[in-house]
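Worksheet for the structure shown next.
So that the names make sense, note that chain A is the first sequence line, chain B the second, and so on, each numbered from 1.
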Protein chains: 2
Amino acid sequence: MQSERLPTLEDVARVAGVSRATVSRVINGIRNVDPLLHEQVWSAVDQTGYVPNRLARSLVTRRTGTVALVVSDSETHDDDPFMSRFFSDPYFGRVVGGLMSVLRPAGIQLALQMVGADGHRRLIGDLRNGQADGAVVLSLPARDPLPALLAEAAIPAVLIGRPAQPVPISYVDLDNEAGAALAAARLAAHDRRRPAIISGPADVPASVDRISGFRRAMARHGHPWVPLESGNFTQESGEQAMRALLAAHPGLDAVFVANDLMALGALLVLRDAGLRVPQDVAVVGFDDSSAAVAARPALTTVRLPLEDMAAEAARMLLARIDDPGTRVTSVIYEPTLVVRETT
Amino acid sequence: MQSERLPTLEDVARVAGVSRATVSRVINGIRNVDPLLHEQVWSAVDQTGYVPNRLARSLVTRRTGTVALVVSDSETHDDDPFMSRFFSDPYFGRVVGGLMSVLRPAGIQLALQMVGADGHRRLIGDLRNGQADGAVVLSLPARDPLPALLAEAAIPAVLIGRPAQPVPISYVDLDNEAGAALAAARLAAHDRRRPAIISGPADVPASVDRISGFRRAMARHGHPWVPLESGNFTQESGEQAMRALLAAHPGLDAVFVANDLMALGALLVLRDAGLRVPQDVAVVGFDDSSAAVAARPALTTVRLPLEDMAAEAARMLLARIDDPGTRVTSVIYEPTLVVRETT
DNA sequence: GGAGACTTGGAGAGCGCTTTCCAAGCGTGG
DNA sequence: CCACGCTTGGAAAGCGCTCTCCAAGTCTCC
């Protein structure tokens with residue numbers, strides 16, 4: 001890597017018999033260059049095997065051709081195993097896939113940035129002086145100061161998921177309330193009378209919305225109150241919640257679970273309890289992740305088009321980078337219900 | 001982001017009343033600086049809110065503090081949906097998690113690089129002139145030219161998974177043969193007499209080893225030949241393979257499946273065919289991914305300690321970056337069998 | 001045929017940082 | 001008391017690139 005010196009613009013210029021500036025013009029596709037020289041330069045580039053040095057270029061253009069995927073988790077620390085759990089969750093992969101689908105064709109790199117309780121200041125600093133042109137933020141904890149800091153520093157950024165406190169930053173999200181209502185409607189239509197909820201953490205916006213959406217819709221269908229047990233989006237927590245629910249409300253005949261992984265856990269517990277799904281208890285999940293298809297019985301679930309959302313976030317970010325004057329906007333996706341075997 | 005100019009070394013120097021060089025020394029922790037000045041400099045840093053510009057620093061030091069995670073897939077193109085499938089596979093997340101566990105404490109960034117059929121040359125160029133200090137390579141296709149190119153360009157790199165052709169590059173891998181043998185032993189011990197294999201693509205080294213390891217071990221146990229059907233590591237392909245196997249060998253009583261996702265598919269098909277697992281047919285998977293625990297019945301599987309492997313790869317890479325003279329070495333992990341309900 | 005407008009190439013000044021080289025300041029021993 | 005060696009700070013030369021100026025050359029039109 002450091003062995004012999006790599007060819008530079010200067011070298012190309014020498015071989016082509018022109019000045020550095022001319023080579024730069026040709027390479028960056030600026031007109032006003034004699035076709036003949038144009039030709040000469042390219043052949044010199046071939047000859048020398050020249051590749052522009054991105055660092056040097058970025059230093060002057062103030063553009064890196066990189067965006068950061070910031071995974072913010074101000075509540076845990078570096079040695080916390082939570083992070084690895086997060087990465088193996090399908091959620092992370094879907095987001096990366098979605099981002100890549102628009103970033104890659106645009107020739108933009110994705111840099112992964114994790115930031116814990118302390119790193120905020122540092123992150124902002126790095127971002128500001130050219131680590132990346134902008135950031136897509138996956139903000140995990142409820143009261144994360146990061147979105148506000150980003151807005152304040154005027155760093156182009158797009159959040160995936162609505163921030164807990166209103167902040168002047170663009171975001172993409174799903175209409176979680178509507179999604180939950182969809183689930184409720186399905187359950188009510190099949191005449192379930194004793195529904196329950198397994199929710200996510202009580203302080204995450206998405207979680208809150210799913211709960212209120214479900215409860216509100218159920219109220220409309222004549223069930224003013226729905227018991228709730230909350231988990232943390234892992235399969236294991238889903239199992240625990242299901243057990244607790246079963247103990248407290250043995251007669252329940254429907255469960256709305258705030259994500260598929262927890263629903264998977266719930267399914268296992270129901271099975272172990274000798275309850276048939278969907279005959280005895282109907283289950284609706286949320287996300288439509290690969291887990292939903294893999295589940296037995298296959299899970300009816302609210303589709304969260306995460307890949308599309310991430311792709312849209314990437315597009316919004318790119319637009320904002322191109323023109324910082326772009327207005328702060330948010331895109332809310334409409335959920336759909338994917339009916340499979342558990343309802 | 002571009003609004004007002006960020007403080008530079010120069011600014012700090014002015015505030016502290018010393019020269020640029022001195023500030024640089026203090027910041028980079030070089031001795032030989034009067035404690036008094038030392039103090040003054042740091043307070044000036046605080047005062048100005050100075051953050052060193054990584055780009056400028058990298059340009060001169062030739063160190064970026066970034067390593068690339070290269071996902072190489074020379075056989076598909078940009079618009080191929082294969083990639084998104086890959087990202088949602090737990091495999092990707094586990095690797096990222098493992099890498100991060102050592103990179104993050106070391107203060108090193110991870111940049112995601114995807115490279116398709118054409119991008120090799122460009123990638124090498126970018127890597128050579130300082131996109132990253134080194135690369136961890138996830139090489140998907142069988143005859144990928146990338147490892148050889150990296151070796152030739154003398155770029156610090158570590159592969160995850162043995163390359164198809166021998167190449168002078170370090171790698172981490174699992175002893176796939178031994179893993180398959182473990183599965184075979186388990187099956188034989190439970191007196192299964194009609195085993196079958198669902199393998200991965202025939203040209204991927206890991207796949208080949210798992211097949212030969214299983215067959216060899218089974219031969220030792222008195223089953224000289226084992227029928228095989230191959231898939232592509234997706235759940236769906238697992239289903240297809242299982243169906244084909246069932247059609248061709250209705251009497252089979254054991255299946256060794258080359259990864260958990262395909263095993264999940266196999267399980268579903270067996271269930272639909274009215275076969276009980278493990279009573280009628282025993283199933284052993286490979287990977288010990290989250291899918292194995294989620295499966296019903298829970299999947300007996302060969303554990304692939306991917307997080308550990310990725311972490312080790314990161315450590316090896318870091319060592320090699322620090323001292324390019326480090327010898328090319330490979331670390332082979334020993335597999336273990338995780339017994340659950342399917343055997 | 002010459003002045004003005006336009007095209008095209010080159011010189012050079014940085015972008016923000018590190019690091020070598022040098023000079024000044026200090027203490028010591030002869 | 002002066003020569004010598006050591007410590008410590010500063011000046012300046014780049015790292016590889018872009019891009020603004022400016023000069024030279026070409027063309028057009030009166």
Side-chain angles (χ1 to χ4, degrees), chain A residues 1-2 4-42 44-45 48-66 125-131 133, chain B residues 1-2 4-42 44-45 48-66 125-131 133:
Chain A
M1 200 162 181
Q2 38 270 83
E4 76 275 23
R5 220 175 45 80
L6 260 43
T8 75
L9 247 203
E10 184 84 49
D11 299 322
V12 176
R14 198 176 318 113
V15 172
V18 299
S19 80
R20 248 184 15 254
T22 304
V23 177
S24 176
R25 284 198 196 98
V26 170
I27 288 188
N28 294 305
I30 294 176
R31 293 174 312 285
N32 294 357
V33 175
D34 188 315
L36 183 67
L37 287 196
H38 194 272
E39 191 57 32
Q40 281 176 33
V41 169
W42 278 120
V45 167
T48 52
Y50 171 74
V51 177
N53 183 319
R54 282 181 158 240
L55 257 51
R57 180 182 293 190
S58 294
L59 186 57
V60 29
T61 58
R62 267 103 213 304
R63 272 299 194 83
T64 58
T66 296
D126 276 355
L127 248 31
R128 287 198 62 171
N129 61 54
Q131 271 297 66
D133 299 332
Chain B
M1 197 163 181
Q2 38 270 81
E4 78 276 18
R5 220 175 47 80
L6 259 42
T8 75
L9 248 202
E10 184 83 48
D11 299 323
V12 178
R14 197 176 319 114
V15 172
V18 298
S19 81
R20 249 187 8 258
T22 304
V23 178
S24 175
R25 285 197 194 96
V26 171
I27 288 187
N28 294 304
I30 294 176
R31 294 174 312 283
N32 294 357
V33 174
D34 188 315
L36 182 68
L37 287 195
H38 194 273
E39 192 57 33
Q40 282 176 32
V41 168
W42 278 119
V45 166
T48 54
Y50 171 74
V51 177
N53 183 319
R54 282 183 160 237
L55 258 51
R57 179 183 297 196
S58 296
L59 187 57
V60 30
T61 58
R62 266 104 214 301
R63 272 300 194 81
T64 56
T66 297
D126 276 355
L127 248 31
R128 287 199 63 173
N129 62 56
Q131 272 296 69
D133 298 332

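Between the CZ atom of R25(A) and the C1' atom of dG9(C) there is a distance of 6 Å, given to the nearest Å. Rounded to whole Å, the distance from CG on L59(A) to P on dG14(D) is 17 Å. Rounded to whole angstrom, the span from the CZ atom of R62(B) across to the C1' atom of dG16(D) amounts to 8 Å. Rounded to an integer number of Å, the gap from CG of N53(A) to C1' of dT18(D) is 13 Å.
Listed in residue order, the members of residues 14-23 of chain A having a heavy atom less than 4.0 Å from DNA chain C are V18(A), S19(A), R20(A), A21(A), T22(A).
The phosphate of dT18(C) (OP1 or OP2) has a side-chain N or O of N28(B) nearer than 4.0 angstrom. Distances shown here put every side-chain N or O of R63(A) at or beyond 4.0 Å from the OP1 or OP2 atom of dT18(D). For S24(A), a side-chain nitrogen or oxygen approaches OP1 or OP2 of dT18(D) to under 4.0 Å.
Considering only the side chain of T61(B), dT18(C) comes nearest among dT18(C), dG14(C), dC17(C). Residue L37(A) has its side chain nearest to dG9(C) when only dG16(D), dC17(C), dG9(C) are considered. Residue A56(B) has its side chain nearest to dG16(C) when only dC15(D), dT18(D), dG16(C) are considered.
Under the salt bridge (charged side-chain N to carboxylate O under 4.0 Å, His left out) criterion, R57(A) pairs with no residue, sequence neighbours left out.
Under the 3.5 Å distance criterion, the side-chain polar atoms of D11(A) are left unmatched by any main-chain donor or acceptor of T48(A).
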Where do N or O atoms of nucleotides 22-24 of chain D meet protein N or O atoms at under 3.5 Å, pair by pair?
none

